[in-house]
S.K.: 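Dropping a structure here in structure tokens format, bear with me for questions.
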Amino acid sequence: RQYVRLQQISIRQWGPRVLDCPGVAEMKGISPKAMTAIDGAQDSVQKAMAVRIRIFVKQNHVPMINTKGGKLPSDTPGIIRMKKQCDRALWDVVRRSLTKHQMSELIKLLGPPYNGK
């Protein structure tokens, strides 16, 4: 039981890109063609949000944080709100792309949200 829960938490960490987690798309019967379409739609959402975030950062003088991968904006309330909007839009792509049965199976695979207990 603990192993199953650990697996659920591990897979859940992929967030709205969960179908990119190795084996998940195949396990849920999602074709390579459908995955290509889902990836393309999610990439478009993320690119559009990246543009919005860059504009927001510039207009609102959001402090930047140095990371190994470059500078990233600080998690101000506005940035956090935009990241949540992006996640919702990415999940919408998944919901629109899967059949009801596939979505139901994905929800079972993810299990309940992890609340730290």
S.K.: Under the salt bridge (charged side-chain N to carboxylate O under 4.0 Å, His left out) definition, can you give me all pairs with a residue in residues 37-64, not counting sequence neighbours?
M.R.: R17-D39, R17-D43
S.K.: Using every non-hydrogen atom in the two residues, find where D75 and I80 come nearest and quote the distance to one decimal.
M.R.: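 Closest approach of D75 to I80: O-CD1, 3.5 Å.
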S.K.: Donor-acceptor pairs under 3.5 angstrom involving side-chain atoms of residues 6-15: please list them, not counting sequence neighbours.
M.R.:
residue : atom : partner : partner atom : Å
Q8      : OE1  : R5      : NH1          : 3.1
R12     : NE   : L110    : O            : 3.4
R12     : NH2  : G111    : O            : 2.3

S.K.: Enter the distance from H61:NE2 to T76:OG1 here, rounded to the nearest 0.5 Å.
M.R.: 13.0 Å
S.K.: Rounded to the nearest 0.5 Å, how far does OG1 of T67 lie from CG of L72?
M.R.: 4.0 Å
S.K.: For P73 and V62, which heavy atoms make the closest approach, and how far apart are they?
M.R.: CB-CG1, 4.0 Å
S.K.: Can you tell me how far the CD atom of Q85 sits from the CG atom of L90, to the nearest 0.5 Å?
M.R.: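 One gets 12.0 Å once the value is rounded to the nearest 0.5 Å.
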S.K.: Hey, are the side chains of I79 and V57 touching, using non-hydrogen atoms and a 4.5 Å cut-off?
M.R.: yes
S.K.: When rounded to the nearest 0.5 angstrom, what is the spacing between CZ in F56 and CZ in R81?
M.R.: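 The CZ atom of F56 sits 6.0 Å away from the CZ atom of R81.
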S.K.: Look at the side chain of S97 and the backbone N and O of V93, then say whether any donor-acceptor pair between them is shorter than 3.5 Å.
M.R.: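 Such a contact is found between S97 side chain and V93 backbone.
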S.K.: To the nearest 0.5 angstrom, please state how far the CD1 atom of I53 sits from the CE atom of M49.
M.R.: 6.0 Å
S.K.: Does any part of the side chain of Q102, heavy atoms only, come nearer than 4.5 Å to the side chain of T99, both counted from C-beta?
M.R.: yes
S.K.: Pair up each side-chain donor or acceptor in residues 24-38 with any protein partner under 3.5 Å, not counting sequence neighbours, and list the distances.
M.R.:
residue : atom : partner : partner atom : Å
E26     : OE1  : G23     : N            : 3.4
S31     : OG   : A34     : N            : 3.0
T36     : OG1  : P32     : O            : 3.0

S.K.: Atom CD1 in I55, atom CG in N60: separation rounded to 0.5 Å?
M.R.: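 Answer rounded to 0.5 Å: 11.0 Å.
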S.K.: So do the side chains of V45 and W91 get within less than 4.5 Å of each other, counting heavy atoms only?
M.R.: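 A side-chain contact under 4.5 Å is absent here.
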S.K.: Counting C-beta onward and ignoring hydrogens, is there a side-chain heavy-atom pair between M103 and V94 closer than 4.5 Å?
M.R.: yes
S.K.: Tell me, do D92 and R95 make a side-chain contact under 4.5 Å, heavy atoms counted?
M.R.: yes
S.K.: Is the closest side-chain heavy-atom distance between S74 and M64 below 4.5 Å?
M.R.: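 Not touching, per the 4.5 Å side-chain cut-off.
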